[in-house]
Amino acid sequence: MSTDGARVGSSSAEEPWPVRVVSQKVGAWIAKLGWVWVDGQVAQISRRPGASTVFLTLRDPSADLSLTVTTNRDVLDAGAPELREGARVVLHAKPEFYAARGTLSLRADEIRQVGLGELLARLEKLKKLLAAEGLFDRARKRRLPFLPGRIGLITGRASAAERDVLTNARRRWPAVEFRTVNVAVQGPSAVPQIVDALKVLDADPSIDVIIIARGGGGIEDLLPFSDEALCRAVFGCRTPVVSAIGHETDAPLIDYVADVRASTPTDAAKRVVPDLTEEVRLIGQARHRLERAVRNLVDRETHRLDGLRSRPVLARPQVMVEHRSTELAALRQRAGRCLEHRLAAADDDLRHTLARLRALSPAATLDRGYAIVQRADGHVVRAAADVGKGDPLRVRLADGELTATVDG
């Protein structure tokens, strides 16, 4: 490799550095870090027979990142003699940068395998942190669809959990569709693979619900399902997530974050997919209840109509007309009698009034021989002094009238 073609620099105004210089400076900076404590999961152990050096591949449980660790066999035997792949360890190591290859590794002088008690304490601390942030809040948990069109399944390849979910779901609803993503369900690569599978299924618009399933195992085996990164990935899903990890007694942190917690993979299938036989039975019962309710309603209304029809007014409608006709005739007769009585009384009153009028009438007085004398202006003469000599007078008789002049 030519020097000119491998030079780098911070700007065109500065002299570019050769690769070896950059590598040396990086190695020098890393050397200044000194000894550090590192936490991780053992992905691989390489013990060569007769060799005093042991090589470990240490992986970050929450990220797709790993480092090579070298240590002495005596250090490993003293701190973690039963160390196996997948175990969680804490080691005291010094970062080293191999300039020739540009690789970073760790050289450990102390290794401690994380015990069960420490693991549980860490999980409890993480559980309180996630709960305080609201990841376990029941108010945000979504209801599962009654009949999902397609189900996303994240589980181990050819595992008992996969078989249990698929078998029981198809037994309950034969037409159910699955999109299965097989991942590692334990070990250092489990968390990144499960998180990637979640992203793929959550982005699929045809997926209505996602099941994360795994069979039983020890606490160490189920550690990936209590990982903070996985819990946050489940919390961020837009699609409802069902957690079906282990057995009834197992409770990884993902159970608290998921929308529904199933005790087993079989239980997950029962919760997600309705039972066709049971639904048909329930539909039959509902139809029977509906038919019975309709029959009862029809019977009740039929009885009510029969009762109405049996009433006399509907059985013989003319009875009501005849009864009303009789009442009308009686009222007419009573009204006629009342009118005749009133007319007779009024006639009597009129005759009496006429008799009184005739008795008091001036004409009756005139008929008895009296006359009415009036002056020319029409005033009645009541005294001789009311007229003078020569005044014309008008004399009204019972039959006709006369004119006269006063002589004295």
Side-chain angles (χ1 to χ4, degrees), residues 26 29-47 53-98 103-133 135 183-196 214 217-235 245 250-254 256-257:
V26 172
W29 183 83
I30 291 176
K32 294 179 182 180
L33 292 177
W35 294 84
V36 294
W37 286 99
V38 183
D39 178 17
Q41 191 172 20
V42 178
Q44 185 178 2
I45 304 176
S46 178
R47 295 186 180 94
T53 301
V54 178
F55 296 91
L56 305 177
T57 300
L58 193 66
R59 190 181 188 91
D60 190 320
S62 302
D64 191 9
L65 179 66
S66 60
L67 287 175
T68 300
V69 181
T70 60
T71 186
N72 191 278
R73 182 182 293 270
D74 295 337
V75 173
L76 182 62
D77 292 340
E82 303 295 332
L83 186 64
R84 297 180 180 178
E85 295 179 355
R88 199 76 173 263
V89 295
V90 174
L91 51 87
H92 188 245
K94 187 178 187 305
E96 293 181 343
F97 184 76
Y98 187 49
T103 58
L104 179 66
S105 63
L106 300 174
R107 178 166 54 87
D109 65 352
E110 184 177 355
I111 297 179
R112 301 176 187 172
Q113 185 171 353
V114 178
L116 180 60
E118 186 175 353
L119 284 175
L120 294 177
R122 291 186 182 184
L123 292 180
E124 187 62 27
K125 183 178 179 181
L126 178 59
K127 181 179 178 180
K128 293 180 180 179
L129 173 64
L130 298 180
E133 293 184 13
L135 269 69
V183 298
V185 291
Q186 67 182 61
S189 61
V191 173
Q193 291 186 20
I194 297 174
V195 171
D196 291 342
R214 186 203 190 281
I219 295 179
E220 296 85 350
D221 298 331
L222 301 181
L223 277 179
F225 299 96
S226 294
D227 186 84
E228 181 178 359
L230 178 57
C231 290
R232 295 188 183 278
V234 171
F235 181 79
I245 309 302
D250 297 321
L253 297 185
I254 192 179
Y256 299 96
V257 184

Note: R112-E110 ion pair, threshold 4.0 Å (strictly below):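 Salt bridge between R112 and E110, a charged N being under 4.0 Å from a carboxylate O: yes.
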4.5 Å side-chain heavy-atom contact, L83 and V42: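 The answer is yes, as the side chains (C-beta and beyond) meet within the 4.5 Å cut-off.
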Positive for side chain to side chain contact (heavy atoms under 4.5 Å, CB included) with F225, one of L253, I194, V191, V234: I194
Side chain proximity check, V195 to D227, heavy atoms < 4.5 angstrom: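 No - every pair of side-chain heavy atoms lies 4.5 Å or more apart.
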Spacing of S105 atom OG and L56 atom CG [to the nearest 0.5 Å]: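 Spacing of OG (S105) from CG (L56) equals 11.5 Å.
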Student check: side-chain heavy atoms of T71 and I111 closer than 4.5 Å: yes
Non-hydrogen side-chain atoms of L230 and P224 separated by less than 4.5 Å: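 L230 vs P224: side chains apart.
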Counterpart residues, side-chain contact (heavy atoms from CB on, under 4.5 Å), relative to N72 (two or more places apart):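 With neighbours one apart ignored, the set is S52, D74, V75.
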Exercise: do Q44 and R59 side chains pair donor with acceptor under 3.5 Å: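 Not at all, the side chains of Q44 and R59 share no donor-acceptor pair under 3.5 Å.
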Electrostatic pair K128:E133 at N-O distance under 4.0 angstrom: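 Looking at E133 together with K128, the answer is no, because their closest N to O distance does not fall below 4.0 Å.
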Euclidean distance, T53 OG1 relative to R73 CZ, rounded to 0.5 Å: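 These two atoms lie 9.0 Å from each other.
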Contact check, side chains of L76 and R47, non-hydrogen atoms, under 4.5 Å: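 Yes, their side chains come closer than 4.5 Å.
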Minimal non-hydrogen separation, L135 against C231, with atom names: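 Result for this residue pair: CD2-O, 4.2 Å.
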More than 12 heavy atoms from other groups under 6.0 Å of CH2 on W29: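 It does not: W29 CH2 has 12 such atoms or fewer within range.
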Straight-line distance of T103 OG1 to L67 CG, nearest 0.5 Å: 10.0 Å
N/O donor-acceptor pair under 3.5 Å between R107 side chain and K94 backbone: no
Non-hydrogen side-chain atoms of L91 and L58 separated by less than 4.5 Å: yes
Side-chain donor or acceptor of Q193 paired with backbone N/O of A184 under 3.5 Å: yes
Min side-chain heavy-atom separation V54-S46 under 4.5 Å: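 A side-chain contact under 4.5 Å is absent here.
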Geometric class of the H92/W37 ring pair [parallel <30°, tilted 30-60°, perpendicular >60°]: tilted
Heavy-atom side-chain contact between V38 and V90 under 4.5 Å: no
Side chain to side chain contact (heavy atoms under 4.5 Å, CB included) assessment of L104 paired with I30: CA-CA 9 Å; L104 179 66; I30 291 176; 3.7 Å; yes
L222 side, atom CG; R214 side, atom CZ - distance, nearest 0.5 Å: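 L222 CG to R214 CZ: 5.0 Å, rounded to 0.5 Å.
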